[in-house]
Amino acid sequence: MPELPEVETTLRGLAPHLIGQTVSDVSIRTPQLRWAIPPQLPGLLRQQTIRALHRRAKYLLIEFDHGTLILHLGMSGSLRLLPIGTAALPHEHFDLILDNGTLMRLRDPRRFGAVLWHSGDAMNHPLLAKLGVEPLEENFTGPYLFQATRMRNAAIKLIIMDHHIVVGIGNIYANEALFHAGIRPEMMASKLSKPRSARLVQTLRETLISAITQGGSSLRDYVGSDGNAGYFQQNYYVYDRAGEPCRTCNTAIKQITQGQRSSFYCAVCQK
DNA sequence: ACATCTACCTGGAGGC
DNA sequence: TGCCTCCAGGTAGATG
């Protein structure tokens, strides 16, 4: 499931192959993912040159002179570069065909992803305009998190997954970062002290950066490789380890439900 | 404004 | 083996 590190790794893998290339055509095999893929995309993109790639939260932005192609991988999406003419398999919904003989193909079995177009500044798109800070940028600080949680009557795990506050933190890394910070996921956000806020910001950063580093080194080639490109399995400390021993103290990891999602924690290491 | 719930979709796991 | 049910996930949008 692509969280921020997977999206960032995908971006880094694709960028050198896409920037400066010109689109010769667009192929839409599935008209509707989370939202409809704009049917006018082929006309909009033919003969247009890719100028830059960016990431905002978990959105991948492919920038042209007259607008931006906005991609979201949902929870099962992946992007690969393949030679033109490669037959599409099931769940391969969308191709951006380049005039250098390759195409960028979107595969997304669960179809929670999105392909959208925005003319003008993508940051003004309704999906992007109200997003919170990037966890890896300098404005995500201990004081910022402390201030943002003062009036919030909700568990800290739900707060760090709220993209109005900080973007890109999914269930896996929320659980992992809370473990490394020694904070229980159910802790009321408004009761988090300043030092613990700072610590959590630090462990969120470290957890994400570590995943990006591992992903980058374990990643297979984006060009013509198998379907696993873009994903990487880590050695989690708590996520999906209910009943297994804590790697620090051997206590059995607990599982609870918060906001209809599973949380995992060590009752000894996290207070 | 904030908290909580629902819906979307499909592959995989587990039960029978 | 086959069928059934349940679960996972991100996040917009509805509801309280």
Side-chain angles (χ1 to χ4, degrees), chain A residues 1-11 29-37 55-61 70-79 88-94 106-116 118 122 124-135 145 147-178 185-192 204 208 211 226-228 230-234 236 238-244 253 255-264:
Chain A
M1 44 222 74
E3 296 214 31
L4 185 147
E6 284 84 352
V7 178
E8 179 67 26
T9 306
T10 297
L11 168 76
R29 282 177 295 275
T30 305
Q32 181 89 22
L33 298 178
R34 176 160 196 171
W35 296 283
I37 299 178
R55 177 186 61 74
R56 175 72 171 111
K58 294 178 187 172
Y59 294 93
L60 257 172
L61 309 175
I70 302 174
L71 303 178
H72 197 289
L73 299 179
M75 57 167 292
S76 62
S78 60
L79 291 165
L89 300 171
H91 312 303
E92 296 187 337
H93 309 300
F94 173 87
L106 171 68
R107 172 185 145 91
D108 183 9
R110 297 187 187 176
R111 292 198 244 150
F112 276 22
V115 177
L116 300 166
H118 186 76
N124 293 328
H125 189 281
L127 290 174
L128 304 184
K130 291 177 184 170
L131 293 174
V133 303
E134 287 285 335
L145 183 62
Q147 190 276 331
T149 52
R150 287 313 84 191
M151 305 296 282
R152 295 298 297 269
N153 182 32
I156 186 61
K157 178 178 180 241
L158 300 178
I159 294 293
I160 59 176
M161 292 180 72
D162 179 346
H163 13 270
H164 298 105
I165 296 177
V166 57
V167 300
I169 314 291
N171 200 31
I172 295 174
Y173 296 120
N175 279 295
E176 293 294 294
L178 284 166
E186 324 99 290
M187 167 141 199
M188 269 299 139
S190 55
K191 292 192 173 174
L192 201 64
L204 276 165
L208 294 171
D226 66 37
N228 292 327
Y231 297 104
F232 33 100
Q233 186 68 33
Q234 291 192 94
Y236 298 127
V238 288
Y239 177 76
D240 204 22
R241 295 194 67 235
E244 295 176 39
I253 300 299
Q255 175 171 2
I256 59 172
T257 298
Q258 294 180 283
Q260 281 87 262
R261 292 284 182 263
S262 290
S263 296
F264 304 87

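Residue numbers begin at 1 in each chain, while the letters A, B, ... track the order of the sequences. FYI, side chains are in, hydrogens and waters are out, and symmetry mates aren't considered; it's all heavy atoms of this structure. Note that this is a predicted model, so its numbers are computed, not measured.
Between A:His91 and A:Gly259, the residue whose closest nucleotide on DNA chain B is further toward the 5' end is A:Gly259. Along DNA chain C, the nucleotide nearest A:His72 and the nucleotide nearest A:Gln260 are compared for position; the residue whose nucleotide lies closer to the 5' end is A:Gln260.
In this structure, OG1 on A:Thr10 lies 12.5 Å from NZ on A:Lys58, to the nearest 0.5 angstrom. With values rounded to the nearest 0.5 angstrom, A:Met161 atom CE is found 9.0 Å from A:Ile169 atom CD1. One distance of note links NZ of A:Lys157 with CZ of A:Phe264; it measures 8.0 Å at 0.5 Å rounding.
In this structure A:Ala114 satisfies the side chain to side chain contact (heavy atoms under 4.5 Å, CB included) test together with A:Trp35, A:His72, A:Leu116, sequence neighbours excluded.
Backbone-only engagement by A:Leu127 is indicated by non-hydrogen atom pairs under 4.0 Å involving sugar-phosphate atoms exclusively. Contact annotation for A:Asn153: backbone-only contact, meaning every heavy-atom pair under 4.0 Å involves sugar-phosphate atoms and none involves a base.
The OH atom of A:Tyr173 sits 15 Å away from the C1' atom of C:dG10 (whole-angstrom rounding). Rounded to whole angstrom, the span from the NZ atom of A:Lys130 across to the C1' atom of C:dT11 amounts to 14 Å. Regarding A:Tyr239, its OH atom lies at a distance of 8 Å from the P atom of C:dA8, rounded to whole Å. Rounded to whole angstrom, the span from the CZ atom of A:Arg34 across to the C1' atom of C:dG13 amounts to 8 Å. With rounding to whole Å, A:Leu158 atom CG is found 13 Å from C:dG10 atom P. Atom pair A:Arg261:CZ and C:dA8:P shows a separation of 8 Å (rounding to whole Å applied). Taking atom CE of residue A:Met161 and atom P of nucleotide C:dG10, one finds them 5 Å apart after rounding to whole Å. Here B:dA1 presents its P atom at 14 Å from CG of A:Asp162, a figure rounded to the nearest Å.
OP1 or OP2 of B:dA3 sits under 4.0 Å from a side-chain N or O of A:Arg152. Between A:Ser76 and B:dC9, a side-chain N or O to OP1/OP2 separation shorter than 4.0 Å is absent. For the pair A:Tyr59 and C:dA12, the criterion of a side-chain N or O lying under 4.0 Å from OP1 or OP2 is met.
A:Glu134 places no side-chain N or O within 3.5 Å of a backbone atom of A:Arg56 that could act as its donor or acceptor partner.
The listed nucleotides are C:dA8, C:dG10, B:dG11; the one nearest the side chain of A:Gln255 is C:dA8. Comparing C:dA8, B:dC9, C:dG13 by their closest approach to the side chain of A:Ser262 singles out C:dA8.
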